[in-house]
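Only one structure is covered here, and it is reproduced in the block below.
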Amino acid sequence: MKFFGIISYNIHCNFTNYGSALQSWAMSKAIDKIGNGRWESKLIDYCPEILKDKDPLNPMDHMWDSNEEARMMCELSLPAIRINYKKFDHFYHHEFKRSKKKYTKANFNDVVEEEELIGFVCGSDTIFCIDEFGFDDGFYANYPCMKNGYSVAFAASFGDPHFSKQDYNVLNQRLQNFKAIGLREKAMLNYVREHTSIPVEKVIDPTLLLEPSDYDVITDNRQENDKYLLLYARRYNKAMEDYAVKLAEQNGWKIIEISLRAVNSQKHKMFYEAGVQEFLSLVKYAECVITNSYHGMIFSVQFKKPFYVFSREQCDTKIEELLELFGIKDRLLVTGDEGTANEIDYSDVHARIAQARSKALEFMNYELENGYQGEQ
């Protein structure tokens, strides 16, 4: 059996992230399905240079929110953070075909022979965001074994790009490492097309390549018997919390909260320790989801839940593009005072997703078939 190695932001991190884990899991399932026994995916345990000194069990030193209150909330949440990390570690070890060992800049060029790879799929997530990762050699397929072999990108994201003239020069060189590129957002689509001679398409996040029922095998049983609202905050937002509290009170729901806002344990059921399987369950069985998470929004849609997504710095572009695809832009809130949105017509939303899914899978099939044929 030959393998396509997945290179993405997932195992090594500062804080564990449901979206990072689930986009890689969905990518692996899509690659396997297209391979149909001819090839399989393999999650490469790759640690970028910028993450090598990060300790997800003690993440305070590298928090985005550097104010004293945010640090205190993180410290108070450490027991849940460490339980959460163990669950993610178990998920990465038991729900993937995974590389035999960890790869870094020092040994990466051994990966092709040791893992029996026929190519690399770089993505998804913000692997092209230089504000987060710089021009990482793994994410930009710049190791010799990737440049001289077969490398493609799928659903890679630049985030909200901020490139200097010098950065663009480096970017233009790195783009030549790929045989095809699928971008998750449209912001850099025309630029990449103009500076390469390879197929470049806009595709959807890998988590949307799968049908909702595909997640049944990794979704836990219901976690809470009472009716509840799920409040999932990737960054604290008082307006979002106030909106969730008001909505829950109006409907007589409990609030289950996934956040580092440890002081809320006095009024909400806090569940930061939730693993991937528990997270999916909490979304699936919620009466409503209030979030500022991109993937929190995606799984609300996958499971056809009422939801609102709040604006969040560095995430608005990708959230707005996806809501436009879904045809429900009124689900994006900033203050919580925007008024009542229309009821979601999920038959229409999922018809739109099906069309985008078909197009994205066709492009992934093109990328993988070319890599496989190159080995024949």
Check the side chains of [Y] and [X] for a donor-acceptor pair under 3.5 angstrom, ignoring hydrogens and angles.
X: Thr207; Y: Gln302; answer: no
X: Arg331; Y: Asn342; answer: no
X: Ser151; Y: Asn177; answer: no
X: Asn107; Y: Asp110; answer: no
X: Asp45; Y: Ser99; answer: no
X: Thr317; Y: Asp160; answer: yes
X: Asp216; Y: Thr219; answer: no
X: Asn172; Y: Tyr191; answer: yes

If the threshold is 4.0 Å, N to carboxylate O, is there a salt bridge linking [X] and [Y]?
X: Glu115; Y: Lys100; answer: yes
X: Lys246; Y: Asp242; answer: no
X: Arg71; Y: Glu68; answer: no
X: Arg193; Y: Glu201; answer: yes

request  = Any chance you could lay out the side-chain hydrogen bond (donor to acceptor under 3.5 Å, both in side chains) test for Asp205 and His295, step after step, and finish with the verdict?
outcome  = CA-CA 9 Å; Asp205 190 88; His295 285 98; 3.1 Å; yes

task = Give me the one residue out of Tyr168, Phe158, Tyr140 that meets ring pair (Phe, Tyr, Trp, His ring centres under 6.0 Å) with Phe135.
result = Tyr140

query = Using the ring of each side chain (for Trp, its six-membered ring), is Tyr9 parallel, tilted or perpendicular to Phe133, with breaks at 30° and 60°?
reply = tilted

request  = If a pair satisfies ring-ring contact (aromatic ring centres under 6.0 Å, His included) and one of its residues is in residues 324-347, list it, with sequence neighbours excluded.
outcome  = Tyr346-His350

ask   = Counting heavy atoms not belonging to Gln355, are there more than 12 under 6.0 Å from its CD?
value = no

message = Looking at Lys202, I want to see if its NZ is surrounded by more than 12 non-hydrogen atoms of other residues, nucleotides or ligands under 6.0 Å.
response = yes

